[in-house]
Visitor: 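I have a structure I would like to understand better, so I am pasting it below and will then ask my questions one at a time.
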Amino acid sequence: PSPTRRPLYTQDGEARTAENAVIHALSRAGRSALFAENQLWQQLFVCLVGDIVMSPVSGQLPGPALSAPLDFQLPEFYPRRQARFEARMRQLEQGEGPSRLSQTLRQHMGVRIGPATVGTVPQASLNSALEAIPPSVLVGVLRDLAKDWRGLSRGFPDLLVLPACPRSQPYSMDGAVPKALNPGHFWVEVKGPGDALRPAQYACHHRLLELGETIEVWELRPSSAGGR
């Protein structure tokens, strides 16, 4: 790593952050990955259920200048809109995520809804995420965020590794231990030397595991071949 406040890792003559270094190493192994962390899920939330967040509820939207209702992040927020949320969840379970995403980006690009502004993550990345994430997981996380945004909107893994394209030889990453890569989609939390999981990350990872997701913590170690 380079001696900066946030370590940089040199690959092919270019200094990269830890997350970028992992994405680059994955690309050399034939795999694609997306920056995820909190921003990806915040975008999926505002793009897929943002209209419900801003839907009229008596006493909660007194003026058009608000980016969120008054009860957003409060325990009363989800129960007051439960029927609308659950109707949307059924639509998402049936595969309507991409069409809802396109509609929101077309109609509300640049609009702030709650803590996020629509369109800060490229549509291609959001579509790739929707293709990779099972509908049951998508719905589970969105419902959790609606119920407890304050407690669950931090701590998501750094990267979403997209599923492998079929080919004859197995995917592997030189210099990694273990070397073999999961052929399906999975989440990666990247940690450099001396870095450790925080309580919010433990809680978020545990919830994703409950939903059936695979999460790997990759610890980077300086070496000529790179590390994991």
Side-chain angles (χ1 to χ4, degrees), residues 6 16-27 31-54 66-68 72-73 85 88-89 91-93 95-165 184-190 198 200-201 203-205 207-208 211 213-216 218:
R6 188 180 185 194
R16 297 182 170 90
T17 63
E19 296 82 4
N20 274 315
V22 170
I23 289 176
H24 182 70
L26 283 165
S27 70
R31 297 295 293 272
S32 297
L34 304 174
F35 280 108
E37 207 171 11
N38 306 314
Q39 187 180 31
L40 175 66
W41 282 108
Q42 289 175 1
Q43 278 295 295
L44 290 173
F45 185 84
V46 299
C47 288
L48 298 178
V49 299
D51 59 319
I52 299 173
V53 172
M54 301 301 288
L66 290 177
S67 64
F72 186 66
Q73 301 189 35
F85 272 116
R88 178 62 48 80
M89 298 308 168
Q91 294 172 347
L92 296 176
E93 286 175 334
E96 297 185 21
S99 61
R100 172 60 56 179
L101 172 65
S102 296
Q103 179 179 339
T104 300
L105 291 173
R106 185 172 60 252
Q107 296 178 350
H108 303 295
M109 178 68 75
V111 175
R112 187 167 184 83
I113 299 176
T117 300
V118 174
T120 55
V121 173
Q123 184 174 359
S125 296
L126 295 174
N127 278 325
S128 294
L130 288 177
E131 290 178 8
I133 300 170
S136 60
V137 176
L138 175 69
V139 165
V141 173
L142 294 181
R143 183 182 288 114
D144 287 347
L145 290 173
K147 290 181 176 180
D148 185 13
W149 180 274
R150 186 174 297 171
L152 299 173
S153 62
R154 296 289 183 270
F156 287 103
D158 293 311
L159 305 176
L160 169 58
V161 182
L162 302 177
C165 297
H185 82 281
F186 60 98
W187 304 88
V188 173
E189 183 68 41
V190 181
R198 300 184 299 276
Q201 292 174 323
C204 184
H205 295 184
R207 179 57 181 142
L208 287 172
L211 290 169
E213 292 295 271
T214 298
I215 304 172
E216 299 184 6
W218 289 13

Visitor: So which atom in Leu48 and which in Leu101 form the shortest heavy-atom distance, rounded to 0.1 Å?
Guide: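 Distance-wise, the nearest heavy atoms are CD2-N, 4.0 Å.
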Visitor: Rounded to the nearest 0.5 Å, what's the gap from NZ on Lys147 to CZ on Phe85? Could you check?
Guide: 11.0 Å
Visitor: With distance as the sole test, does Arg112 use its side chain to make a donor-acceptor pair with the main-chain N or O of Pro115 at under 3.5 Å?
Guide: yes
Visitor: Are any non-hydrogen side-chain atoms of Pro98 and Asn127 less than 4.5 angstrom apart?
Guide: yes
Visitor: Could you go through the side-chain contact (heavy atoms from CB on, under 4.5 Å) check for Glu96 and Ser99 one step at a time?
Guide: CA-CA 6 Å; Glu96 297 185 21; Ser99 61; 4.0 Å; yes
Visitor: Tell me, with the steps shown, if Glu216 and Trp218 meet side-chain hydrogen bond (donor to acceptor under 3.5 Å, both in side chains).
Guide: CA-CA 6 Å; Glu216 299 184 6; Trp218 289 13; 2.8 Å; yes
Visitor: Is there side-chain contact between Leu152 and Arg207, with at least one heavy-atom pair below 4.5 Å?
Guide: no
Visitor: Would you mind reporting whether Leu40 and Phe35 have side-chain heavy atoms less than 4.5 Å apart?
Guide: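 No. Closest side-chain heavy atoms not under 4.5 Å.
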Visitor: Could you measure the distance from the CG atom of Leu130 to the CZ atom of Arg100? Nearest 0.5 Å is fine.
Guide: 12.5 Å
Visitor: Within a strict 4.5 Å, meaning less than it, do heavy atoms of the Gln42 and Leu145 side chains meet?
Guide: no
Visitor: So which heavy atom on Leu126 is nearest to which on Cys47, and how close?
Guide: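 Reported closest heavy-atom pair: CD1-SG, 4.4 Å.
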Visitor: Nearest 0.5 Å, please: how far is CZ in Arg143 from CG in Leu138?
Guide: 10.5 Å
Visitor: Quick check for you: to the nearest 0.5 Å, what is the distance between Arg31 atom CZ and Cys165 atom SG?
Guide: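 Result: 8.5 Å between the selected atoms.
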Visitor: Less than 4.5 Å apart, side chain to side chain, heavy atoms only: is that true for Thr117 and Ser67?
Guide: no
Visitor: Taking atom CG of Leu142 and atom CG of Leu92, what is their separation to the nearest 0.5 Å?
Guide: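 Rounded to the nearest 0.5 Å, the CG-CG separation comes out at 6.5 Å.
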Visitor: Return the minimal non-hydrogen interatomic distance between Asn38 and Gly155, and the atom names on each side.
Guide: OD1-N, 3.0 Å
Visitor: Side chains of Trp41 and Ile133: closer than 4.5 Å at any heavy-atom pair?
Guide: yes
Visitor: How long is the span from the CD atom in Gln107 to the CG atom in Asp51, to the nearest 0.5 Å?
Guide: 9.0 Å
Visitor: Hey, mind stepping through Trp187 and Thr214 against side-chain contact (heavy atoms from CB on, under 4.5 Å) and telling me if it holds?
Guide: CA-CA 6 Å; Trp187 304 88; Thr214 298; 6.0 Å; no
Visitor: Taking side chain as C-beta onward, heavy atoms only, is Glu213 less than 4.5 Å from His185?
Guide: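 Glu213 vs His185: side chains touch.
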Visitor: Using the side-chain hydrogen bond (donor to acceptor under 3.5 Å, both in side chains) rule, take Arg88 and Gln91 through it: C-alpha gap first, then chi angles, then the decisive distance, then the call.
Guide: CA-CA 5 Å; Arg88 178 62 48 80; Gln91 294 172 347; 3.0 Å; yes
Visitor: Does Leu159 reach the side chain of Ile23, with side-chain heavy atoms less than 4.5 Å apart?
Guide: yes
Visitor: On a heavy-atom basis, which atom in Phe156 and which in Glu189 lie closest, and how many Å separate them?
Guide: O-OE1, 3.8 Å
Visitor: Looking only at heavy atoms, what is the nearest atom pair of Ala146 and Phe45, with distance?
Guide: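 Answer, listing the atom of Ala146 first, then Phe45: N-CE1, 3.8 Å.
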Visitor: Checking Ile113 against Met54 for the side-chain contact (heavy atoms from CB on, under 4.5 Å) test, could you report, in this order, the C-alpha distance in whole Å, the side-chain angles of both residues, the deciding distance, and whether it holds?
Guide: CA-CA 8 Å; Ile113 299 176; Met54 301 301 288; 4.0 Å; yes
Visitor: Would you name the heavy atoms of His205 and Ile215 that are closest together and state the gap between them?
Guide: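 Reported closest heavy-atom pair: O-CD1, 3.4 Å.
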Visitor: Can you see whether Ser136 engages Glu93 through a side-chain donor-acceptor pair at a distance of less than 3.5 angstrom?
Guide: no
Visitor: Is there a side-chain contact (heavy atoms from CB on, under 4.5 Å) between Thr104 and Val118 once you walk through the steps?
Guide: CA-CA 8 Å; Thr104 300; Val118 174; 4.1 Å; yes
Visitor: Between the side chains of Thr120 and Gln43, does any donor sit under 3.5 Å from an acceptor?
Guide: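 Distance-only check passes for Thr120 and Gln43.
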